[in-house]
Each structure stands twice: as C-alpha cells, then as structure tokens.
Enquirer: 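Just passing along the structure, written as structure tokens.
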Amino acid sequence: MPVRVRLAPSPTGYFHVGTARTALFNWILAKQDPEGVFILRIEDTDPERNREEWVEAIYAAMAWLGLDYTGPFRQSENAPAHAAALEALRAAGALYYCDCTPAEVEARKGEGATPGYDGFCRERGLARSATTALRFRTPDEGTILVPDLVRGEVAFALSAIDDFVVARRSGEALYALANVVDDRDDRITHVVRGEEHLANAPKQMMLWSALNAATGLEVPLPVFAHLPLLVNEQRKKLSKRRDPVALELYRDQGYLPEAVLNYLALLGWSPRGGEEIVDPATVIEQFRLEDVAHSPAFFDLKKLTAFNGVYIRSLPPEAFAARCRPWVDPGAVPWRPSGYRPAWGEDRFDQALFARLAPLVQERVARLDEVPAMVDFFFTEPTMDEAAFDKVIRHDPEGAALLDAALHVYGALEPFTPEALHAATLALGEARGLSLRRAQAPIRCAVTGRLVGPPLFESLALLGRASTLARLRRALERAG
RNA sequence: GCCCCCAUCGUCUAGUGGCCUAGGACACCACCCUUUCAAGGUGGCAGCACGGGUUCGAAUCCCGUUGGGGGUGCCA
C-alpha cells in the first residue's frame with residue numbers, strides 16, 4: 001500500500017517552525033515511496049479563528065521551504081461529507097444529542113476518576129435542536145491500543161475517555177470528526193504529527209472504526225507517529241506568544257530554507273555516520289520514523305545560525321550575491337524581508353560592484369541580513385563609529401600621522417590594487433615600527449567608519465582611489 | 001485532580017548487555033593562522049537524574065522515586 005500522508009495545519013496564526021518540521025517529516029515519508037502522496041489540507045473548520053491571510057502564509061511557507069504537495073485542499077470544502085458522516089453515525093446509534101452547557105459539565109465534574117463529560121445526556125433521547133450538540137458514545141471499559149511508530153504501542157483506558165463532542169449546536173462538524181472523515185477520504189496511511197495530538201489518537205481510531213461500520217466502507221486504520229515537541233529554553237512547548245516561532249521571521253533574517261530544513265531534520269532525528277550537514281536526498285535515504293527520538297527538543301537558534309553560515313559559505317559566489325539582493329538592492333526585487341528600509345539610494349547601488357564584494361562578505365556572515373552593514377561604506381558615506389575614531393585616530397598620536405602618510409602614498413600608488421595597497425601600507429607601518437595590524441586600523445576606520453569589516457585592501461581597491469583619498473582627508477580634518 | 005509521554009555533556013544527539021576510559025555536532029575556552037572581523041586548523045572543558053533489582057557483566061532490561069512535558073474545549 002503506497003504511503004499517503006498529510007499536513008493538516010489550521011490557519012490560526014503564523015506558520016510555526018514546529019509545523020515546518022512536521023511538514024518535512026511527512027514530505028520525507030512520501031518521497032521515500034515512489035507512489036507516496038503528501039497532501040496539504042488546511043483545517044479551517046473554526047470560522048471564529050481562521051483568517052485568509054494565514055492560509056496564504058501556509059502556502060508561502062511551504063513554497064519557501066520547497067516542500068511540494070498534492071492540493072492544497074480546504075477542510076471546509078468537504079463539509080457535505082462531514083454532514084453525511086454525522087448522519088450515518090447518528091443513524092447507527094453511535095452519537096447522541098446533548099444540551100449540557102460547558103459550564104454545567106464543568107460544575108458536575110467531581111473529584112472522581114472520570115474526567116471531562118460525565119455522560120449526563122446519554123440515555124435522555126434528546127432530539128436535534130438549536131441547543132444540542134452531538135456527542136460520540138465511547139465504551140466505558142476496556143483498553144485501546146494506539147499503534148505509534150515513534151513510541152511503540154500506547155495504551156489508553158477507555159474509562160478515561162469521555163463522550164466527546166463531534167458537532168456543534170450549529171450542526172457543524174468539529175475537528176475531531178472532520179479530521180477523521182478527511183483522513184478516511186484521503187486514504188491516509190500514516191498520521192504523523194506533534195505529540196500534543198497523542199491523546200486524540202484513541203478517539204480518532206474509535207471514530208474511524210465507527211465510520212467503517214456505519215458506512216459499510218472498510219478503510220484501513222492509519223498508523224500514528226507522534227513527534228517529540230519542540231520546546232523553548234524553559235522546556236515549554238514553543239508558543240506563539242513567547243517564542244520566535246514564525247517561519248517568516250527566519251526568512252526575513254536571511255536564513256536559507258535549505259539550512260532550516262537541515263536543522264529541523266536534526267530535531268528528533270540524526271543521520272548515520274555523524275555528519276550533520278546533510279542534503280534532502282540523504283535524509284530521504286536514511287530517515288525512519290522508528291529512529292525518531294522520544295523526548296522534546298530545544299530549538300537552538302545558535303546551532304541553526306551556525307548551520308546557516310555553513311550553507312551560506314557553500315553557495316557559489318554568484319548565487320550568494322543573488323540571494324542577498326532582497327537585503328541590499330533598493331531596486332526592484334521579487335521579494336522583500338518585512339521591515340526593509342533601504343540603507344542607501346537606488347542610484348548608489350551597483351550590482352556589478354556588489355558581485356565583486358560578495359565573496360569578501362560571504363564567509364563573514366551567518367545570516368543574509370548581516371550583509372548590508374558589512375558593505376554599506378561602498379554605497380553610502382559611512383556613519384563614523386565615534387568610539388573607534390577616538391581610539392585609533394583622535395587619541396592615538398600615530399593615527400593621524402598614518403592617515404596623512406597614507407594620503408600621500410595612496411595618491412601616487414600605481415596600480416591601485418589590493419597587492420600594491422597591502423605592500424604600501426606594510427611599508428608605512430614599518431617606517432614607524434608598527435605592525436600591519438596597527439597600521440591598517442586608522443585607515444580602516446577612516447574609510448569604512450568601523451574597526452571591523454571585509455579585507456581592507458581589497459575594499460579600498462574596489463572603492464577606488466578618489467573615494468579612498470577623500471575619506472582619508474575627511475578623517476584628518478575631523479581629527480583636527 | 002485524572003490520563004498519557006519523556007529522562008546521555010549547557011543544547012541537539014550516537015549508543016539497543018560486553019567494542020564505553022560514553023562518540024559527534026552547536027555553544028564555550030585556549031592555541032595556531034592572520035591586514036580587522038570571520039573562516040579554517042589543533043587541543044580542551046563538560047553527561048548516562050536517583051534508588052532498587054535482573055545478569056558473570058548495564059547508559060543499555062525490569063520496578064520504584066524524583067524531575068520535566070503534553071492532554072484534559074460545542075479550538076486545532
């Protein structure tokens with residue numbers, strides 16, 4: 001039987017990094033089978049909380065990650081099937097109407113063992129009305145075994161599972177039912193999702209079987225796989241309120257999707273052989289649900305960032321330059337990180353120049369959003385770091401002298417190349433008994449406004465003699 | 001409260017009874033390289049929660065304790 005898996009996110013907020021990992025694992029499973037199918041189904045049965053923009057965010061996130069799928073489908077579009085399922089179950093006696101309000105249910109909850117609903121309306125024979133919801137009649141005793149590829153079999157006592165609601169008083173099917181109906185319709189073979197859904201599994205199995213019986217259509221039950229949760233430093237489930245969980249955020253900061261995917265694959269799983277930088281093909285080849293870890297994993301931004309640096313450095317220089325454009329090119333680009341504000345004018349930006357700069361910064365950044373601050377002095381007059389200026393120029397007697405000497409030597413330097421600049425600056429320093437390390441500092445500061453940046457002599461050559469000399473002169477004037 | 005899950009360096013993990021003096025990665029520290037910063041190289045710090053079993057032998061199996069987490073919606 002071919003693998004059929006699905007991602008079933010609800011459009012109630014940002015696309016969560018945890019959802020991204022679930023998507024990845026499902027996608028991998030489908031890719032492992034030549035006939036595998038990975039379905040994207042938007043679970044939009046809660047009109048109160050869904051928003052169309054979040055649906056779009058799901059599509060955008062999947063596209064950015066490069067995870068292809070069958071669909072997308074909207075759960076709401078299958079409402080007729082949900083209604084039919086409800087009717088079939090009701091006719092078979094699997095459901096009953098209940099007019100208890102949540103407050104009443106809560107009030108009756110004793111200190112006793114059985115949690116949740118107490119079965120108050122089970123035998124009342126209520127008819128459908130505007131105040132009745134539909135509940136599923138669950139057995140009172142026995143055990144149900146959930147087959148879980150990650151954890152093995154998980155046993156639930158039926159006595160601990162209450163008669164849960166499957167349709168609102170408005171008549172609409174709830175997640176509990178809609179999800180099962182859709183999974184049956186889609187012939188889902190593996191339900192792979194976060195551990196927070198583990199307690200839903202026995203209920204869904206019972207519903208699935210009841211549906212098989214009530215409709216006469218025997219659809220094989222799926223097997224489950226509940227993935228360990230992603231947690232924050234407090235070891236709590238990643239939360240939209242406290243934690244940076246939105247995938248967009250990572251995209252905006254210049255994380256590469258391939259790095260994110262690689263890192264996500266390592267949360268709960270590890271490749272054979274110890275090498276952690278692995279491409280999707282390797283993961284597809286090696287991944288097994290049975291090998292997934294059981295304990296929650298901390299989402300470590302530092303490690304993700306380190307991985308991102310590895311991926312950035314491995315890019316061909318031209319590709320790196322192209323990927324930087326949304327952050328550095330004020331002109332027309334296909335996509336923009338949110339909150340982008342041009343650091344220099346469109347007329348000042350020079351794509352050809354940036355292409356030559358790119359290799360100098362490529363190995364110095366771990367995120368694409370660090371690039372602008374590293375090349376700004378090429379496209380705009382740099383803002384002087386006053387502390388740096390004081391340290392190596394104003395309060396260093398050698399500083400101004402070096403600047404003055406550089407002004408003269410650079411002015412006559414032929415050719416104005418990195419090699420010549422290197423040699424000239426080295427000589428400048430030696431004449432004063434200074435290491436190149438110290439000799440380059442005031443020059444770097446004068447020209448770039450900072451003490452750190454791309455290699456200086458390459459930068460000066462690319463900047464050109466005129467700008468270099470002008471900035472040296474200006475710094476000299478500032479030093480007074 | 002009740003149900004369920006989990007427990008190896010700070011973090012992610014390898015480890016399925018002897019190969020473990022517990023391996024790798026990130027982070028951190030030191031040194032090397034070096035025009036700054038990175039990158040790169042070398043080395044280092046650091047862990048089997050606890051208590052009982054089982055066994056010739058336990059990080060690995062069993063029980064308990066403790067500690068974490070998830071669920072307990074007419075949300076998904």
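What you see is a predicted model, and the numbers here were worked out from it, not measured in a lab. All chains are named by letter (A, B, ...) in the order of the sequence lines, taking the proteins before the strands, and each is independently numbered beginning at 1.
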Enquirer: Between A:Asp183, A:Asp182, A:Asp185, which is the residue that forms a salt bridge (Lys or Arg N to Asp or Glu O under 4.0 Å) with A:Arg6?
Expert: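 Looking at A:Asp183, A:Asp182, A:Asp185, the match for A:Arg6 under the salt bridge (Lys or Arg N to Asp or Glu O under 4.0 Å) is A:Asp183.
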
Enquirer: Does a salt bridge link A:Arg450 with A:Asp376, judged by any charged N lying under 4.0 Å from a carboxylate O?
Expert: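 Yes, this pair counts.
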
Enquirer: Let's test your reading of the model: under 3.5 Å, does the base of B:A76 pair with the side chain of A:Asn179 as donor and acceptor?
Expert: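 Between B:A76 and A:Asn179, which were checked side chain against base, a qualifying N/O pair under 3.5 Å is absent.
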
Enquirer: Side chain of A:Arg169, base of B:C74: donor and acceptor closer than 3.5 Å?
Expert: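 Checked by distance alone, the answer is yes.
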
Enquirer: Report the base-pairing partner of B:A27 (Watson-Crick or G-U wobble, both distances below 3.5 angstrom), or none.
Expert: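 Its partner: none found.
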
Enquirer: Provide the distance between the two C1' atoms, one in B:A58 and one in B:G40, to the nearest whole Å.
Expert: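 Nearest-Å result for B:A58 against B:G40 at atom C1': 41 Å.
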
Enquirer: Write down the distance separating the C1' atoms in B:C48 and B:C3, rounded off to the nearest Å.
Expert: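 Taking atom C1' in both B:C48 and B:C3, they lie 29 Å apart.
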
Enquirer: Can a salt bridge be assigned to the pair A:Lys303 and A:Glu276 using a cut-off of 4.0 Å between side-chain N and carboxylate O?
Expert: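 Yes, this pair counts.
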
Enquirer: Strictly by Watson-Crick or wobble contacts shorter than 3.5 Å, is anything paired with B:G1, and which nucleotide is it?
Expert: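 B:G1 is paired, partner B:U72.
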
Enquirer: Does the distance from a Lys or Arg side-chain N to an Asp or Glu carboxylate O, for A:Asp369 and A:Arg367, drop under 4.0 Å?
Expert: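 Yes, A:Asp369 and A:Arg367 are salt-bridged.
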
Enquirer: Sticking with atom P, work out how far B:A46 lies from B:U11, rounded to a whole angstrom.
Expert: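 My reading of the P atoms in B:A46 and B:U11 gives 16 Å.
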
Enquirer: Looking at A:Asp44 and A:Arg74, does any basic side-chain N land under 4.0 Å from a carboxylate oxygen?
Expert: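 Looking at A:Arg74 together with A:Asp44, the answer is yes, because their closest N to O distance falls below 4.0 Å.
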
Enquirer: What's the gap between B:C61 and B:U55 when it is taken at their C1' atoms, as a whole Å value?
Expert: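 Approximately 10 Å lies between the C1' atom of B:C61 and that of B:U55.
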
Enquirer: Taking only the P atom of each, what is the distance from B:A27 to B:U66 in whole angstrom?
Expert: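 Rounded to whole Å, the distance is 38 Å.
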
Enquirer: If you pin A:Leu267 and A:Glu276 to their nearest nucleotides in RNA chain B, which one's is more 5'?
Expert: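 Nearer the 5' end of the strand: A:Leu267.
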
Enquirer: Is there a donor N/O on one and an acceptor N/O on the other, under 3.5 Å, for the side chain of A:Arg364 and the base of B:U36?
Expert: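 By the distance-only test, yes, there is a pair.
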
Enquirer: Considering only the C1' atoms, how many Å lie between B:U21 and B:C9, rounded to the nearest integer?
Expert: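 Here B:U21 and B:C9 have their C1' atoms 16 Å from each other.
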
Enquirer: Between B:U8 and B:A25, how far apart are the C1' atoms? Round to whole Å, please.
Expert: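 Nearest-Å result for B:A25 against B:U8 at atom C1': 15 Å.
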
Enquirer: Tell me the partner of B:A7, counting only Watson-Crick (N1-N3 plus N6-O4 or O6-N4) or G-U wobble (N1-O2 and O6-N3) with both under 3.5 Å; none if nothing fits.
Expert: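 B:A7 is paired, partner B:U66.
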
Enquirer: Between A:Ala297 and A:Leu198, which is nearer to the 5' end of RNA chain B once each is assigned its nearest nucleotide?
Expert: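 Nearest nucleotide further toward 5': that of A:Leu198.
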
Enquirer: How far, in whole Å, is B:G44 from B:C50 if one measures between their C1' atoms?
Expert: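 It works out to 30 Å between them.
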
